[in-house]
Amino acid sequence: MEVIRLDQVSLLRRTQEELSRDLKKTIFSLFEGKYRKPMRKLVLDQISLSIQSGEKVGIIGANGSGKSTLLKLICKIFQPTCGRVWVKGKVAPLIELGAGFDAELSVIDNIKLYGVMLGFSEQEMRDRVFSILEFAELEEYATVPVKALSSGMAARLGFSIATDVQPDILILDEVLSVGDASFKNKCKQRIERFWDRNTTILLVSHDLEFIKDSCERVIWLERGKISAVGDPKETVDLYLASVNLPDDSTSPATTPTSEPLPQSSEESVLEQKDEELIPTEIAVGAAKVPPPETLSSVIITDVFIANEEKQIVEVVDYGSPFFIGMKYQVKAPTQNLMLGAYLTNEYGIMILEPVTQNFLPITGAINEIGERFIYVKIPAPFLRPGKYYIAGVGAYEEGFGHHHWIIEKLLSFNIILPEKHQHEWFGQELVHPPLEWFLENS
């Protein structure tokens, strides 16, 4: 019998940067003429799946692939932007243990409240209070407000409530155990009980051996899409192969087979290339760019850091110029196209916002249909040693607006200080360009 079904489900969510905006910032941006519509990112993309009663299903994938978001959709914490989610039966989610507690209420009152939120009656939760407190080892704290509990105690309480009841569907998100070694053993034994029953279980975990041994079916998510579904061993092996054994064309160590940069006074260089440069699932030195939310004429697919030989690098020597590169596609005729990127330091302070229009024509070759690479050269010495991020990219057409605009940390890289520059003194400045000093007699 089918108990969970998702039909062509997609979800758009605001980025973390947008969620952090408050009313005051919004009002000031309106007065300053800097207001922009909140950006949203496609987190799940046309997910369709069916789960049967009693089935044990594992969900795997890299961080940010949409695993926890998928569970929250099934738990009705999130509503899909489009598509349909159908769930039959009582669901016990172990996603964020302790989420939903009222800090001012006592432990006992929170047990009743938490249970009612899971769909159980108040009387049923009254009957379970003693067993929940006993398992969580919180008998002495029964009448204490939850705000007086440590985070570990609150997590134990959440785990105890969610697993003491008898749900039809159990949702586990990397919370197979909490607390000290003794309590972890109790948690493991309790979870094993659910495996022996007809409870439907959805499990998100990076413990791939546990997934292979315990689940009947595995779903592999990649960038918000289902990449594979099937036998646990086969699906896990496919996932590991994609992470650990990329082919030559996508290996981080691969040197792009490109000609030397042409001599030019322009700081940005536009090239037509056919080779794949960027590996998937990489967060340092190179990254895939999330696709735009809607169909677009211009798409930036990759962003990367390259040395003067145009080899992808994760570390740049202070004193050595380097390139920020982007791979983009023009799928339909455009005019007056501009591309750019955001470079921030480790504290999120904007250091550079290079835009092509400052050095390249916005008409002509940059607009031609096809796939290209574009580079902007960052001179040296300029950036002080430290960690930096490419915190966004954009493709903008004058008179149209943004075709593709992503504001989030896409990749990181480091500027290091080589031996020959060890004498340099760095203050608290954001950049460290070469400056000339002159000494004159009065």
Is the count of non-hydrogen atoms from other residues, nucleotides or ligands lying under 6.0 Å from K387 atom NZ greater than 12?
no
Should we say atom CD of Q335 is surrounded by more than 12 heavy atoms from elsewhere, each under 6.0 Å from it?
no
Are any non-hydrogen side-chain atoms of L202 and L170 less than 4.5 angstrom apart?
no
Which heavy atom of I161 sits nearest a heavy atom of N110, and at what distance?
CD1-O, 4.4 Å
Set out, in order, the CA-CA distance, both residues' side-chain angles and the distance that settles side chain to side chain contact (heavy atoms under 4.5 Å, CB included) for V85 and K76, then state yes or no.
CA-CA 9 Å; V85 179; K76 304 297 179 70; 4.3 Å; yes
Taking every heavy atom of L44 against every heavy atom of G66, the minimum-distance pair comes out as CD2-O, 3.7 Å
Working to the nearest 0.5 Å, report the span between CD1 of I324 and NZ of K377.
13.5 Å
Tell me the closest heavy-atom pair linking C215 and P232, and the distance in Å.
O-CG, 3.1 Å
Look at atom CZ of F78 and say whether more than 12 heavy atoms of other residues, nucleotides or ligands are closer to it than 6.0 Å.
yes
Rounded to the nearest 0.5 Å, what's the gap from OH on Y342 to CG on L410? Could you check?
11.5 Å
Around atom NZ of K212, are there more than 12 heavy atoms from other residues, nucleotides or ligands closer than 6.0 Å?
yes
CD1 on I211 to CD on E209, rounded to 0.5 Å
10.5 Å
I would like to know whether F322 and V313 meet side chain to side chain contact (heavy atoms under 4.5 Å, CB included); could you show each step before the answer?
CA-CA 9 Å; F322 66 94; V313 294; 5.7 Å; no
Are side-chain heavy atoms of T235 and S227 found at a separation under 4.5 Å?
no
Taking D109's backbone N and O only, do any of them form a donor-acceptor pair with S106's side chain (distance below 3.5 Å, no angle check)?
yes
Value for CD1 (I378) from OH (Y388), rounded to nearest 0.5 Å, stands at 11.0 Å
Is any side-chain heavy atom of E424 closer than 4.5 Å to one of Y318?
yes
Taking all atoms of both residues into account, what is the closest heavy-atom pair of P167 and V91, and its distance?
CB-C, 4.4 Å
Working for side chain to side chain contact (heavy atoms under 4.5 Å, CB included), residues F323 and F373:
CA-CA 12 Å; F323 291 91; F373 291 94; over 6 Å; no
Side-chain heavy-atom pair N367, E397 within 4.5 angstrom cut-off:
no
Got a donor-acceptor contact below 3.5 angstrom from the K67 side chain to the L203 backbone?
no
I'd like to know if the side chain of N307 reaches the main chain of E309, judged simply by a donor and an acceptor atom lying under 3.5 Å from each other, with no hydrogens or angles considered.
yes
Verdict with supporting geometry, D7 and W86, side chain to side chain contact (heavy atoms under 4.5 Å, CB included):
CA-CA 9 Å; D7 294 319; W86 178 83; over 6 Å; no
For the residue pair T356 and M338, what are the closest heavy atoms and their distance?
OG1-CA, 3.4 Å
Do I51 and R217 have side chains that get closer than 4.5 Å, going by heavy atoms?
yes
Test applied, side chain to side chain contact (heavy atoms under 4.5 Å, CB included); reference residue, L105; option that passes from V146, I111, L113
L113
Hey, does the side chain of D317 reach the backbone of S320 with a donor-acceptor pair shorter than 3.5 angstrom?
no
Would you say the side chain of I226 lies within less than 4.5 Å of the side chain of L221, judging by non-hydrogen atoms?
yes
Using every non-hydrogen atom in the two residues, find where I300 and A395 come nearest and quote the distance to one decimal.
CD1-N, 3.9 Å
Any non-hydrogen side-chain atom of V289 less than 4.5 Å from a side-chain atom of Y328?
no
Mind checking the NZ-CD spacing from K409 to E346? Nearest 0.5 Å is all I need.
9.0 Å
Indicate yes or no: at least one non-hydrogen side-chain atom of V316 is less than 4.5 angstrom from one of N414.
no
As an exercise, state the distance from NE2 of H404 to CG of L339, rounded to the nearest 0.5 Å.
11.0 Å
Could you tell me whether the side chain of S412 and the main chain of Y389 form a donor-acceptor pair under 3.5 Å?
no
Could you tell me if Q46 and S10 have a donor-acceptor pair between their side chains, going purely by distance under 3.5 Å?
no
Under 6.0 Å between the ring centres of F304 and Y375?
yes
